[in-house]
Amino acid sequence: MTEILSTAIIGGGFAGIGAAIRLQQRGIRDIAILERGTRAGGTWRDNTYPGAACDIPSRLYSYSFAPNPDWSHTYSGSAEILGYIDSMVEKFELSRYLRFGHTVVDVTWHESRSLWEISVQDREPVLARTIVMASGPLANVSLPKIRGVETFAGAKIHSARWDHDYDFAGKKVAVVGTGASGVQIVPELVKVAESVKVFQRTPGWVLPRTNFRTRGLTREIYRRVPFSQSVARKAWFWGHESVALGVVWNSPLTRVVEGVSKLHLRSQVPDPWLRRQLTPEFRAGCKRLLMTSKYYPALQKDNCTLVTWPIAQISGKGIRTVEGVEHQFDAIVFATGFDVSKTGSPIPITGRDGRVLADEWSRGAHAYKSIAVSGYPNMYFTFGPNSGPGHSSALVYMEAQIDYLVDAIATAVNQNFVLDVRASVQAEYNADLQQRLTKTTWNSGCSSWYLTEDGFNATMFPGFATQYVKQLETVLLPDYAVTAAATAPVDEVVAAV
């Protein structure tokens, strides 16, 4: 007889692990985490480039229901974050649910049995009553669309697919991209490479990042008095919440953020021309704020050069810029981000009446409270459309999503329900959300990866973290079309599949 799961979780990163913990705590244990890799961890398993770290304080970049008293620094590196994820897997005994090497290639709703069929590459399909799409927005790497990128004869290394066997010592290296990963990689490369040229399209607003070591006494207090760690987390939360006033909306506090960034730039870069090249022409918050105290000093090392001429193409030997110069390299490092699903869906999903999510999202992804989509019953997204924070921890938003979807799944599983958000409710929610977005910095006319090519913002949430969390406190059943699940025999489902 074919196994039917209560819940299938697609993705074994932070979201998938968190969802499994909370489902287990609600008594729902016939679940599986379908992970394409060979280890849990998601983006923190994949991003192991030199200098990889989180720019959110560790107390806030962790789950409140799984506190870690042993963070070594204010901001943790990727290895320590991955260790935290491993510790959750061990503490909550999640190995029984993890199915590695399960690459999901298609997801289809079967109305006759009120079940989702999950097609897995080179494996038998999985059937589930409910689904958590926890594949994450930063799962698939993206090389820039630059002419000739495939012709380069040297080493091509993406920040999220780092080649640890490549020896940078004595090499001429290009770094394309000056976002969050780029500013972490450059300070490490200048330590070993013969030369590093950094190709900048637009500079970002950079704030200082002071990374203090956590004293042993502090860790002991956190272990013995767990409430003290909760207080520290709340302090960081409210500190970041106040930053929203300066980056989500254009306000007098925006000038404060910009002023701090400019002071940081002036204190670290004495050369006026270089400062001018590193000064953004857009408002703070339009693009992601960068947190680093090492990037500017690295740019001024004798073996490092900032190149601001636009790239014309990549050749067999290096990079040609628009003024006609060919820069030759042994290796090119692409710190160019990910394929974020602002349109379409990362996995083909077919819902009720044969509707295809990629078609419905072709002009921009949208959902109800970023979690549920009408026509795709008993399916829930983590970090779905318009759940991006511009000022706080993604884990704060994710934890609220997980608690909401666990409530919804418990209702569906325990009462044998099918929950499908009403199209009218979803449309009303998104109309209000997009109207609110027009007043934010992101939608003020600047360009960023938050927007689609035609300017639709499918990424960010236009408000405070407290507002986002509050809207997910309760599953409002009147917002859903609630029907009884079908009860046909399992073999009928298998025949339909």
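All heavy atoms count here, side chains included; hydrogens, waters and symmetry mates do not. Note that the structure is a prediction, hence the values are computed from the model and not measured.
- Note on ring orientation: taking the six-membered ring where Trp is involved, the planes of Y84 and W71 are tilted (angle from 30° to 60°).
- In this structure, CD1 on I319 lies 7.0 Å from CD1 on I146, to the nearest 0.5 angstrom.
- A donor-acceptor contact shorter than 3.5 Å links the side chain of S293 to the backbone of R209.
- Neither side chain, S58 nor H73, offers a donor N or O lying under 3.5 Å from an acceptor on the other.
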Next item on the list: Give the C-alpha distance, both sets of side-chain angles, the deciding distance and a yes or no for side-chain hydrogen bond (donor to acceptor under 3.5 Å, both in side chains) between H102 and E35.
Entry: CA-CA 5 Å; H102 280 60; E35 168 55 49; over 6 Å; no
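- Across all their heavy atoms, I33 and A20 have their closest contact at CD1-CB, 3.6 Å.
- When the options F383, Y404, Y397 are evaluated for a ring pair (Phe, Tyr, Trp, His ring centres under 6.0 Å) with Y468, the one that passes is Y397.
- Going from atom CD1 of I311 over to atom NE2 of H327 covers 9.0 Å, rounded to the nearest 0.5 Å.
- A donor-acceptor distance shorter than 3.5 angstrom exists from the side chain of R59 to the backbone of N68, with no hydrogens or angles considered.
- Side chain of T254 to main chain of W249: a donor-acceptor pair is present (N/O by atom type, distance under 3.5 Å, no hydrogens or angles).
- Annotation: cation-pi geometry not satisfied between K317 and F152 (NZ/CZ under 6.0 angstrom from ring centroid, within 45° of ring axis).
- Residues E326 and Q328 have side chains that bring a donor and an acceptor to within less than 3.5 angstrom of each other.
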Note to self: For a side-chain hydrogen bond (donor to acceptor under 3.5 Å, both in side chains) check, start with the C-alpha distance between H164 and T48, then their side-chain angles and the critical distance, and finish with the verdict.
What the structure shows: CA-CA 9 Å; H164 290 277; T48 59; 2.7 Å; yes
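- Side-chain polar atoms of N443 and R436 form no donor-acceptor pair below 3.5 angstrom.
- Nearest approach of T292 to Y295, heavy atoms of both residues: OG1-N, 3.2 Å.
- Using a distance-only test at 3.5 Å, with no hydrogens or angles considered, no donor-acceptor pair links the side chain of S159 to the main chain of A335.
- K156 and E150 are not joined by a salt bridge, as no carboxylate oxygen comes within less than 4.0 angstrom of a charged side-chain nitrogen.
- Checking side-chain atoms of S251 against main-chain N and O of L245 turns up a donor-acceptor pair under 3.5 Å.
- Ring orientation note: the planes of F14 and Y61 are nearly perpendicular, at an angle over 60° on the 30°/60° scale.
- By the 6.0 Å and 45° rule, K171 stacks over the aromatic ring of Y166.
- Note that the CG atom of L299 and the NZ atom of K294 stand 14.5 Å from one another [nearest 0.5 Å].
- Contact between N211 and T74 at its shortest, heavy atoms only, is OD1-N, 3.2 Å.
- Pairing each heavy atom of D55 with each of L289, the nearest pair is OD2-O, 4.3 Å.
- Environment of CD in E281: sparse, with no more than 12 heavy atoms of neighbouring residues, nucleotides or ligands closer than 6.0 Å.
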Check: Do E399 and R22 pass the salt bridge (Lys or Arg N to Asp or Glu O under 4.0 Å) test, and can you show the C-alpha distance, the side-chain angles, and the key distance before you say yes or no?
Finding: CA-CA 10 Å; E399 186 170 325; R22 298 305 254 177; 5.2 Å; no
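- When all heavy atoms are compared, the tightest approach of Q184 to A52 is OE1-CA, 3.5 Å.
- A distance of 6.0 Å separates OG in S392 from CD in E241, rounded to the nearest 0.5 Å.
- Under a 3.5 Å cut-off, the side chain of T441 and the backbone N or O of C286 do not form any donor-acceptor pair.
- In this structure a side-chain-to-backbone donor-acceptor pair under 3.5 Å is missing from Q277 to V307.
- In this structure, N430 contributes its side chain and H366 its backbone to no donor-acceptor pair below 3.5 Å.
- Remark: R39 is not positioned above the aromatic ring of F100, lacking an NZ or CZ atom under 6.0 angstrom from the ring centre and at most 45 degrees off the axis.
- Between the side chain of W442 and the main chain of G390, no donor-acceptor pair closer than 3.5 Å is present.
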Checklist line | Pair N47-R161, side-chain hydrogen bond (donor to acceptor under 3.5 Å, both in side chains): steps then yes or no | finding: CA-CA 7 Å; N47 284 269; R161 299 293 184 269; over 6 Å; no
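- Nearest heavy atom pair, residue R233 against residue L60, reads NH1-O, 3.6 Å.
- Using a 30° and 60° split on the angle between ring planes, H264 and Y296 fall in the tilted class, from 30° to 60°.
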Next item on the list: Decide side-chain contact (heavy atoms from CB on, under 4.5 Å) for K369 and S387; before the verdict, give the C-alpha distance in whole Å, the side-chain angles of both, and the deciding distance to 0.1 Å.
Entry: CA-CA 8 Å; K369 298 184 179 180; S387 62; over 6 Å; no
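- In this structure, the separation between CD1 on I81 and OG on S62 is 9.5 Å, given to the nearest 0.5 Å.
- Checking side-chain atoms of Q300 against main-chain N and O of L274 turns up no donor-acceptor pair under 3.5 Å.
- How far CZ of F381 is from CE of M133: 5.5 Å, rounded to the nearest 0.5 Å.
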